Amino acid sequence: MSDPAPLRCATHPEVETNLRCGKCGKLICPRCLVQTPVGSRCGECARLYKLPTYRVSTAYYLRAAGAALIIAVILGLAWGFISRFLPFIYLNLLIAAGIGFAIGEVVGLAVNRKRGTGLAVIGGFGVAVCYAVNILTFGDIPGLNIWLIIDIAGLAIGIYTAVNRLR
Ligand SMILES: [Zn+2]
Ligand SMILES: [Zn+2]
């Protein structure tokens with residue numbers, strides 16, 4: 001009676017191992033094992049596995065877009081109203097950052113804190129819609145003056161803030 005042959009890694013036959021992929025059961029060694037949040041995986045299974053946070057279905061995109069649109073219109077109206085009383089037009093930049101943050105938050109909450117490029121794009125569009133509502137309802141459409149520059153800068157800041165929270 002001899003000892004049973006030692007188990008060897010399926011990818012590296014020179015390495016003895018008793019580790020197995022938690023999904024397909026393939027023998028793996030420390031060199032090819034991939035740690036995922038759900039345990040050790042072989043390279044193939046780890047590639048198939050995507051972090052749930054980054055898995056976004058169409059329904060989630062619709063929810064994100066709906067939430068972004070609603071909050072963008074509400075905040076745009078409020079913003080347009082407030083900006084009439086702003087003592088200092090540069091405050092608009094601060095508000096823009098706050099708007100970007102709020103839209104990023106609301107979209108994030110609507111999709112259970114999932115993240116992804118698509119969601120970041122939706123958040124960015126939300127900020128643009130918000131700005132449009134702000135200017136079209138209460139503000140004047142800016143000509144080529146300081147307001148236009150402030151508005152473009154604010155739009156950029158708002159989009160940047162929202163995108164960063166969702167990417
Ligand atoms: Zn596997
Ligand atoms: Zn191996």
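Note that the structure is predicted; figures quoted are calculated from it, not measured. Note that these values count all heavy atoms, side chains included, but never hydrogens, waters or copies made by symmetry.
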| task | Give a yes or no on whether Tyr160 and Ile150 share a hydrophobic cluster (residues Ile, Leu, Val, Met, Phe, Trp, Tyr; joining criterion: side-chain heavy atoms under 4.5 Å apart). | result | no
| Heavy-atom pair of closest approach, residues Ala64 and Val107 | CB-CG1, 3.8 Å
| query | Any donor and acceptor pair, going by atom type alone, linking the side chain of Arg63 with main-chain N or O of Ala110 inside 3.5 Å? | reply | yes
| note | In short, Ile103 meets Gly123 closest at the heavy-atom pair CG2-O, 3.8 Å
| task | For Thr36 and Ala46, work out which heavy atoms get closest and say how close. | result | CG2-CB, 4.2 Å
| query | When rounded to the nearest 0.5 angstrom, what distance separates CG in Leu75 from CD1 in Ile82? | reply | 9.0 Å
| task | Kindly say whether Arg115 contributes a backbone atom to a donor-acceptor pair with the side chain of Arg167 at under 3.5 angstrom? | result | no
| field | Side-chain heavy-atom pair Leu77, Val133 within 4.5 angstrom cut-off | value | yes
| task | Quick one: pull up CD1 in Ile159 and CD1 in Ile157 and give me the separation to the nearest 0.5 Å. | result | 11.0 Å
| request: State yes or no: do Val111 and Val121 share one hydrophobic cluster built from I, L, V, M, F, W and Y residues joined by side-chain heavy-atom distances below 4.5 Å, directly or via other members? | output: no
| said: To the nearest 0.5 Å, what is the distance between CD1 on Ile28 and CD on Glu44? | reply: 11.5 Å
| query | Quick check: does any side chain N or O of Thr161 sit under 3.5 Å from a backbone N or O of Phe101, one acting as donor and the other as acceptor? | reply | no
| said: Looking at every heavy atom in both Ala96 and Gly154, which two are closest together, and how far apart are they? | reply: CB-O, 3.2 Å
| Leu94 reachable from Val127 in the ILVMFWY side-chain graph, under 4.5 Å edges | yes
| request: Write down the atom of Leu7, the atom of Arg20, and the distance for their closest heavy-atom approach. | output: CD1-NH2, 4.2 Å
| said: If hydrophobic clusters are built by linking Ile, Leu, Val, Met, Phe, Trp and Tyr wherever their side-chain heavy atoms come under 4.5 Å apart, do Leu91 and Tyr131 end up in the same one? | reply: yes
| Closest non-hydrogen atom pair between Cys130 and Trp79, with its separation | SG-CE3, 4.0 Å
| message | Is there a path of hydrophobic side-chain contacts, each under 4.5 Å between heavy atoms, that joins Ile70 and Tyr60? | response | no
| note | One should read off an interatomic distance between Lys26 NZ and Thr11 OG1, to the nearest 0.5 angstrom, of 4.5 Å
| query | Which distance, rounded to the nearest 0.5 Å, do you find between the CZ of Arg113 and the CG of Leu166? | reply | 9.0 Å
| request: Starting at CG of Leu27, measure out to SG of Cys32 and round the result to the nearest 0.5 Å. | output: 9.5 Å
